[in-house]
*Asks:* 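Just passing along the structure, written as C-alpha cells.
First the proteins, then the strands, lettered A, B, ... as listed; each starts at 1. Just so you know, these numbers use all the heavy atoms, side chains as well, and skip hydrogens, waters and symmetry mates. Not measured: the values here are computed from a predicted model.
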Amino acid sequence: MSEQRYDPREIEARWQAVWADEHTWEVSNGSQKEGGGMRSRPPTTTTTMRTPRDKAYVLEMLPYPSGEPHIGHLKNYTIGDAIAHFKRRTGHRVLHPMGFDAFGLPAENNAIKTGVHPRAATDESIEQFQRAFRSWGISIDWSRELATHEPEYYRWTQWIVLQLYKRGLAYRKESAVNWCPHDQTVLANEQVIDGRCERCGHEVELRQLEQWFLRITDYADRLHDDLDTIDWPEYVKTMQRNWIGRSVGAEVTFHCAELRIDYPVFTTRPDTLFGATFFVMAPEHPDVLRLAAGTPGEQAVHRYVNHTLTESAEDRSSTDKPKTGVFLGRTVTNPVTAEEIPMYVADYVLMEYGTGAIMAVPAHDERDFAFARAYDLPIRQVVAPKDGSPIPADEAYVTKDDDAVLVNSGEFDGLTPKEGLERIIAWLDREGIGHASVNFRLRDWLVSRQRYWGCPIPIVYCDDHGMVPVPEDQLPVRLPDVEDYQPKGRSPLATAEDWVNTTCPECGGPARRETDTMDTFVDSSWYFLRYCDARNDDAAWDPAVLREWMGVDQYIGGVEHAILHLLYARFFVKALADMGLLDVQEPFDALFTQGMILGPDGHKMSKSRGNVISPSPLIEHFGADTVRTYILNMGPPDQDAAWNDNALAGAHRLLSRLWTLADEIAADAGRAGSNPSTDSESLQQPVDPAGDALALVRKANWAIDRVTSEFVGRFGFHNSIAAVTELVNDLYRYPEAEFEARKFAVATAASLIFPFAPHLGAEVFESLTGRRVWEEPWPAADAAMLVAETFELVCQVNGKVRDRVRAPSGAGRDELEKLALAAPGVMQHVDGQDVIKVVVVPEKLVNVVVR
RNA sequence: GCGGCUGUGGUGAAAUUGGUAGACACGCAGCGUUCAGGUCGCUGUGCUCGCAAGGGCGUGGGGGUUCGAGUCCCUUCAGCCGCACCA
C-alpha cells in the first residue's frame, strides 16, 4: 500500500495551469474567419484540421455578478461543463463561452447605501467569479468573454434597439404602467408577481407615464407556435403558452343606438351570442363616464369608478370577491336578437384585455352568471345537453363538447357549439358586424427604467425634430458618471447636465438625451449571439459567423427564467431574423432546467435561515472535483435536492479510491519494469481476458455503455457516477486480476469520470497512459463484452420468482423452458398441477402458468 | 378553480419496449486495521414470521387489463409548481 494520498489541491492547480497556459478550451471561428486576432492552438496535422466537424454550442445562462458565486452557480456550470466535455470527445467543435450580466439594480442599490460606484462593485465581483470558475476547472473559452456593462458590448445593445426602432418595433407611448414605489421605477408586466414587484416585494401602483416599449406582441403568434419546434421541458413551454395567452374567437360589434357608438367586444364563445343578455365595460374604459352622463345613475357610476381606481391590483384581482358593478343607464343592441340589453360598468372586466368591454352570457359563463345573480339580470340558456337533460340551476353550463347543441338560437338551433361557432362567425362576417379574431394576453414589453445602472437609450429629443435616434457611428452613448444614484421618480441620469444637453443629429440645434436606461433583460436577450463573434469591432456580429454557431444546442439554467429571459431572447432572435441579420428562428434548440440545491435543513438557502452552503471553503477543503461529483450525484439534476455533508464525503471517497488504484498500478508497473507514463499508445483493451480480468473488462464496458447513455439521454449523471462507482468497487473486489485488465479498467474509470471530475480524470489517465484524456475520443463499448456466455434465467411460477438458474446466452425457447421446468424451486411450486402455458422471454425469464 | 408534474426502504434515489423492485450513495449495525479517529478495508441492512431452511407481504389507496404491472387504463387521496375574474 502506497503512502501517497489523493491531494486534490496539488492535482487541480497543475491541470488548471495547463488549461490556462495552452488555451485548451478556446475554439476559433473556423473556415469563415481564419485567425482574426483570435488566439488559436498551434496547428497540428493539417489533415485533421481540414476534417469538418459538427459544432456544438453548449451554454449556461450567464451569471449576474454580485458578490461571490453561490452553490447554484456551481451546479449550473458543472452540468454544462460535463456536456461540453462529452461533446468535445464525441467529435464536436464546442463553443462554451462565459460572460456577465453586469447591469442591474442590486449594484445600484449597493451604491446608494455605500457610495461605491456600481462599476467598481461589479468589476470586483466579476473578478471573483472568474477566479471561482477557474478554480472549479470549468472548460470555458475565455477569449470570448463579455460583460454587458462594457461600452464594447452595450454599443451593440443600443444598435439593436435602434434597428428595432427603425422597424417600428420600439416605440414610446403614454399608458398606465406598473410603478414600483420602492425601487422608484416602472416594471414590465413580467416583473409584477401577484401585484408586487418581483425584486423588492412592494405593491406596485399604476401610473400614467410615457415609456419605451418593444413590440413583442407582433410576434405573439410565432412565439406561441414555434414552441412546438424546440426541445424544451414541457412545463416551460406550457408556462410560455399560458403567458402568451392565445385565445381564438371572434370580435362582435354591439351598437349603442342612443349615442350612435359601436362597441366591439372579443369573445371565445360567439356560439353563445343569442344568450348575451347584458353588456359590461371596465371601469377604466374611456367611454364609461360619457355614457353615464345625464342618466339618473351618473353619480353612482362616478363613485364606483373612483372606488375601483383606488383599489390595489391585488385586492381587485381576487377571484372569490363578490361581483360588483353599476348600471350605466344605457343599452346596446344584441346584433343577433335585436334586443336592447343593459350596459353595466364592473371591475371584473379588465381594460387591458380585449377591448375593455364584454358581452355577458350568464347561462354559459361563470363570472357573468355570478353577476347576473347579484343584479337580478336575465339568464337565457342557449346551449343544452344533446340528450335533453336539464342544466344545473346554480351554476353556469360551460361546455363546448359535441354532446351539446345550441337552443334558443334561431336558425342555428341544433348545431353543436363547434359548428355553431363557425356558422355564427360566417354570419357576422356577411353582415359586417364581426369577424374571426385571435386575442393575446401578452402585452408589449416595457423596457425603460428610471434608474442609473443600465444601458442608455440612444435617443435625443430636439424641439424642432422631436425624437431623433443617435446615428450609429456615434454609438455607444456612454453611461456618464453621476454624483447621486438616489432615485427620485426620474432617472438619476437627468442630473448629469453636461451629458443630457447635446445637439440634434438632424439640425445641430440644442437637444436633450433620453435619461431612462434599459431593462437589463434587453442586455441578456442577445448575449449568446455576441459570443459567436465577441471581438468584432465593426458589427454586432458577422452573419456568416452566426451561421456557423447558432442556435445554441444545449442551454442550461434555472427555472426562474422560464418566462422572462427565455421569452425575450426568443423575440429578439425572431425580430433579428426578420431583418436578415441571422438565419435561425429560435435561439435555444434544447433547454435543460436544473433544480435548486436546498440547505441541509431542506429549505431554500438564505442568510436569515443560516443554512447557506458556500462553495469556496468546500473547494478549498475537498477540491473542486469532489464538490462537482457530489453535486451531480445528489440526484436527477433537474430536481431540487438538500445538501448533505456526509454524501459529499462519499463522493470524495470515490475519487480517492480511484486515485489510489492508479497509484498502485503505477507501483506495479514500476516493479514489472514498464513505465506507464512514457507509454503513449492509446488505451487498449486486453486481448482474450479470462477469469477476474474478464469480469473487470466486462464491467468497464458496461460502465462505458451506462455513462454514455445518460449523456445522450436525460443527463442523469448520478447514474453515470453510480456506474463508475461500481467499476471502482469491482477493482477492489478483484485485486488479483491481471495487470493489463486492471490498468484498462482504471483508465476507463478515469476517462468516464473526466467530464464530472476533470482534474482527477486527467491526472489518473495520464499517469496510466501518458496521454491527455480530453484529446482522446470518448470510449466506445465493445459489444462483445456487453454479453456474457451465460446469464441468470429467472424462473417464475404464476408470475412469482421461484428459482434462478444459469443458462447459456443464445439458448432457444425450448431449452430455456426445459431448464426452468427442471429448476427445484419451480418443480416444488408446480407440484402436480396442470401446466397451462409457459411464457419464455429469451435472455431473461420463463414464466410457468399452472392451475 | 384551471393547467402541469410527482408519490418507490430510515434518506437521496435506480429500474431500455410491461419481464429479477430497491443498482449506487448516505445512514445504521457488526467485524478487522489503527496509539487514536469525523481514517481505511470488509460484511450485513425493504417490512414481517421463523433458531434455521424457508414462507408471507411490499412501489400513496381502491379497481381493471395481462402469463406477468412501479411501468398501461379507470378512480381516489396527498404533495409540489405555474396561472388565476384573460371574456
Side-chain angles (χ1 to χ4, degrees), chain A residues 1 5 193-194 233-243 245-247 249 265-269 272 276 280 282 316-321 323 346-350 352-361 364-368 370-371 439-443 559 562-563 602 629-630 633-636 638-651 653-654 656-657 660 705-706 709 713 716 718-726 728-729 732-733 735 792-804 825 828 836-850:
Chain A
M1 190 66 180
R5 290 190 55 152
I193 313 292
D194 293 332
E234 205 45 56
Y235 79 103
V236 176
K237 292 194 195 180
T238 303
M239 283 168 73
Q240 292 219 347
R241 279 191 201 103
N242 289 344
W243 187 261
R246 184 183 139 102
S247 295
V265 300
F266 174 75
T267 175
T268 53
R269 297 295 305 273
T272 63
V280 192
R316 188 176 157 184
S317 67
S318 106
T319 26
D320 41 324
K321 199 180 87 164
K323 296 274 176 291
D347 67 359
Y348 80 92
V349 175
L350 310 173
E352 59 269 22
Y353 187 76
T355 62
I358 61 155
M359 66 176 212
V361 183
H364 308 291
D365 181 281
E366 283 170 39
R367 297 151 301 177
D368 298 341
F371 192 83
N439 231 293
F440 295 94
R441 206 184 81 114
L442 184 70
R443 299 273 77 93
V559 211
I563 297 176
T629 304
Y630 165 60
N633 206 28
M634 289 175 89
D638 54 350
Q639 213 166 281
D640 293 351
W643 188 264
N644 179 341
D645 277 323
N646 288 317
L648 172 70
R653 200 168 302 133
L654 166 66
S656 183
R657 277 156 68 86
T660 302
D705 192 51
R706 191 92 181 79
S709 70
H718 58 308
N719 294 327
S720 306
I721 292 164
V724 176
T725 306
E726 285 197 49
V728 169
N729 286 348
Y732 279 80
R733 195 163 295 143
E792 189 173 65
L793 178 70
V794 172
C795 307
Q796 298 180 329
V797 177
N798 287 347
K800 290 195 175 181
V801 180
R802 294 304 181 184
D803 212 334
R804 294 150 212 258
Q828 189 190 328
I836 304 170
K837 187 177 177 182
V838 179
V839 181
V840 180
V841 183
E843 309 301 314
K844 280 220 169 79
L845 61 74
V846 173
N847 186 18
V848 180
V849 185
V850 299

*Asks:* Which part of the nucleic acid, if any, lies within contact of A:Asn242, taking any heavy atom under 4.0 Å across all strands shown: a base, the sugar-phosphate backbone alone, or nothing?
*Replies:* nothing
*Asks:* Please report, rounded to the nearest Å, how far the C1' atom of B:rA23 is from the CG atom of A:Asp705.
*Replies:* 15 Å
*Asks:* Could you check if the base of B:rG41 is syn or anti? Syn means the glycosidic torsion is within 90 degrees of 0.
*Replies:*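 What B:rG41 shows is an anti base, its glycosidic angle lying more than 90° from 0.
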*Asks:* Only counting residues at least two apart or in another chain, list the ones meeting side chain to side chain donor-acceptor pair (under 3.5 Å) with A:Asp705.
*Replies:*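 Side chain to side chain donor-acceptor pair (under 3.5 Å) list for A:Asp705, sorted by chain: empty.
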*Asks:* Taking pairing as Watson-Crick or G-U wobble with both contacts under 3.5 Å, can you name the mate of B:rG38, or confirm there isn't one?
*Replies:* none
*Asks:* On a whole-Å scale, what distance lies between the C1' atoms belonging to B:rA15 and B:rG46?
*Replies:*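 B:rA15 and B:rG46 have their C1' atoms separated by 16 Å.
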*Asks:* So what does A:Phe266 hit on the nucleic acid, given a heavy-atom distance under 4.0 Å: a base, only sugar-phosphate, or nothing?
*Replies:* base
*Asks:* Under 4.0 angstrom, heavy atoms only, what part of the nucleic acid is A:Glu792 near: base, sugar-phosphate, or nothing?
*Replies:*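 If one applies the 4.0 Å heavy-atom cut-off, A:Glu792 turns out to touch a base.
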*Asks:* Between A:Asn719 (side chain) and A:Arg706 (backbone), is there a donor-acceptor pair under 3.5 Å?
*Replies:*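 Side chain of A:Asn719 to backbone of A:Arg706: no pair is present.
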*Asks:* Is there a Watson-Crick or G-U wobble partner for B:rG12 with both distances under 3.5 Å, and which nucleotide is it?
*Replies:*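 Per the H-bond distance test, B:rC24.
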*Asks:* Would you tabulate the nitrogen or oxygen pairs shorter than 3.5 Å linking the protein to nucleotides 52-55 of chain B?
*Replies:*
none

*Asks:* Go nucleotide by nucleotide along RNA chain B from the 5' end; which of A:Leu845 and A:Asp347 gets its closest nucleotide reached first?
*Replies:* A:Leu845
*Asks:* On a whole-Å scale, what distance lies between the C1' atoms belonging to B:rA13 and B:rA25?
*Replies:* 9 Å
*Asks:* Mind checking if A:Gly650 touches a base, just sugar-phosphate, or nothing, with heavy atoms under 4.0 Å?
*Replies:*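 Contact class for A:Gly650: sugar-phosphate only.
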*Asks:* So which protein nitrogen or oxygen atoms get under 3.5 Å of nucleotides 67-69 of chain B's nitrogens or oxygens?
*Replies:*
{"from": "B:rC67", "atom 1": "O2'", "to": "A:Asn847", "atom 2": "ND2", "distance (Å)": "3.2"}
{"from": "B:rC67", "atom 1": "O2", "to": "A:Asn847", "atom 2": "ND2", "distance (Å)": "2.6"}

*Asks:* NA contact type, A:Val349, heavy-atom cut-off 4.0 Å: base, sugar-phosphate, or nothing?
*Replies:* base
*Asks:* So, using salt bridge (charged side-chain N to carboxylate O under 4.0 Å, His left out) as the criterion, who are the partners of A:Arg443 when residues are at least two apart?
*Replies:* none
*Asks:* Scan every strand shown for a Watson-Crick or G-U wobble partner of B:rC80, both distances under 3.5 Å, and answer none if you come up empty.
*Replies:*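 Result: B:rG4.
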*Asks:* The criterion is salt bridge (charged side-chain N to carboxylate O under 4.0 Å, His left out); which residues satisfy it with A:Arg657, sequence neighbours excluded?
*Replies:* none
*Asks:* Going by purine N1 to pyrimidine N3 plus the second Watson-Crick contact, or the G-U wobble pair, all under 3.5 Å, which nucleotide sits opposite B:rU65?
*Replies:* none
*Asks:* Quick one, give me the B/S/- string for nucleotides 44-50 of chain B, reading 5' to 3', where B means a protein heavy atom under 4.0 Å from the base and S means that only happens at the primed atoms, P, OP1 or OP2.
*Replies:* -------
*Asks:* Considering only nitrogen or oxygen atoms on both sides, find all protein atoms under 3.5 Å from nucleotides 11-14 of chain B and state each distance.
*Replies:*
{"from": "B:rG12", "atom 1": "O2'", "to": "A:Met634", "atom 2": "O", "distance (Å)": "2.5"}
{"from": "B:rA13", "atom 1": "OP1", "to": "A:Gln639", "atom 2": "NE2", "distance (Å)": "2.1"}
{"from": "B:rA14", "atom 1": "OP1", "to": "A:His718", "atom 2": "NE2", "distance (Å)": "3.1"}

*Asks:* Would you indicate, yes or no, if B:rG41 has its OP1 or OP2 atom less than 4.0 angstrom from a side-chain nitrogen or oxygen of A:Arg657?
*Replies:*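 Affirmative; the distance criterion is met.
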*Asks:* For every nucleotide of nucleotides 28-37 of chain B, 5' to 3': is a protein heavy atom under 4.0 Å from its base (B), only from its sugar-phosphate (S), or from neither (-)?
*Replies:* ----------
*Asks:* Do any side-chain nitrogens or oxygens of A:Arg441 fall under 4.0 Å of OP1 or OP2 in B:rA84?
*Replies:*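 A:Arg441 to B:rA84 OP1/OP2: side-chain N or O found under 4.0 Å.
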*Asks:* For A:Arg733, report the nucleic acid contact type (base, sugar-phosphate, nothing); a contact means any heavy atom under 4.0 Å.
*Replies:* nothing
*Asks:* Would you please confirm or rule out a distance under 4.0 Å between OP1 or OP2 of B:rC81 and any side-chain N or O of A:Tyr235?
*Replies:* no
*Asks:* Can you tell me, in whole Å, how much space there is between the P of B:rG38 and that of B:rG27?
*Replies:*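 Comparing P positions in B:rG38 and B:rG27 gives a spacing of 13 Å.
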*Asks:* According to a strict under-4.0 Å criterion, is A:Lys800 in side-chain N/O contact with OP1 or OP2 of B:rC57?
*Replies:* yes
*Asks:* Any side-chain N or O of A:Asn644 under 4.0 Å from OP1/OP2 of B:rC26?
*Replies:*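 So the side-chain polar atoms of A:Asn644 never come under 4.0 Å of the phosphate oxygens OP1 or OP2 of B:rC26.
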*Asks:* Holding to salt bridge (charged side-chain N to carboxylate O under 4.0 Å, His left out), I want the full list of residues that pass it with A:Asp368, two or more places apart in sequence or in another chain.
*Replies:* none
*Asks:* Could you tell me whether A:Asn729 contacts a base, only the sugar-phosphate backbone, or nothing, with contacts defined as non-hydrogen atoms closer than 4.0 Å?
*Replies:*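 Contact class for A:Asn729: sugar-phosphate only.
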*Asks:* Any side-chain N or O of A:Ser247 under 4.0 Å from OP1/OP2 of B:rA87?
*Replies:* yes
*Asks:* Output all residues satisfying salt bridge (charged side-chain N to carboxylate O under 4.0 Å, His left out) with A:Arg246, sequence neighbours left out; order by chain, then residue number.
*Replies:*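 Salt bridge (charged side-chain N to carboxylate O under 4.0 Å, His left out) list for A:Arg246, sorted by chain: A:Asp221.
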*Asks:* Just list the side-chain donor-acceptor pairs under 3.5 Å for residues 643-650 of chain A, sequence neighbours left out, or say none.
*Replies:*
{"from": "A:Trp643", "atom 1": "NE1", "to": "A:Asp645", "atom 2": "OD1", "distance (Å)": "3.1"}
{"from": "A:Asn644", "atom 1": "OD1", "to": "A:Asn646", "atom 2": "N", "distance (Å)": "2.9"}
{"from": "A:Asn644", "atom 1": "OD1", "to": "A:Ala647", "atom 2": "N", "distance (Å)": "3.3"}

*Asks:* Using the C1' atom as the reference point in each nucleotide, state the distance between B:rC77 and B:rG63 in Å, no decimals.
*Replies:*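 Here B:rC77 and B:rG63 have their C1' atoms 15 Å from each other.
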*Asks:* Flag this pair as yes if the NZ/CZ of A:Lys323 is under 6.0 angstrom from the six-membered ring centre of A:Tyr348 and inside a 45 degree cone about the axis; otherwise no.
*Replies:*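 Yes, A:Lys323 sits over the ring of A:Tyr348.
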*Asks:* Counting the atoms with a prime plus P, OP1 and OP2 as sugar-phosphate, which does A:Tyr732 contact under 4.0 Å by heavy atoms, base, sugar-phosphate, or nothing?
*Replies:* sugar-phosphate
*Asks:* For A:Tyr235, what residues pass the side chain to side chain donor-acceptor pair (under 3.5 Å) criterion, not counting sequence neighbours?
*Replies:* A:Thr593
*Asks:* Mapping A:Leu350 and A:Ile563 to their closest nucleotides on RNA chain B, which lands nearer the 5' end?
*Replies:*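 The residue closer to the strand's 5' end, by nearest nucleotide, is A:Ile563.
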*Asks:* Using the C1' atoms only, state how far B:rU8 lies from B:rG61, rounded to an integer number of Å.
*Replies:* 15 Å
*Asks:* Taking the C1' atom in each of B:rC5 and B:rG60, what is the distance between them to the nearest angstrom?
*Replies:* 16 Å
*Asks:* Without decimals, in angstroms, what is the distance between A:Arg241 CZ and B:rC81 C1'?
*Replies:*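 Answer to the nearest Å: 17 Å.
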*Asks:* Considering only atom P, compute the distance from B:rG22 to B:rG10 and round it to an integer number of Å.
*Replies:*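 To the nearest whole Å, 16 Å.
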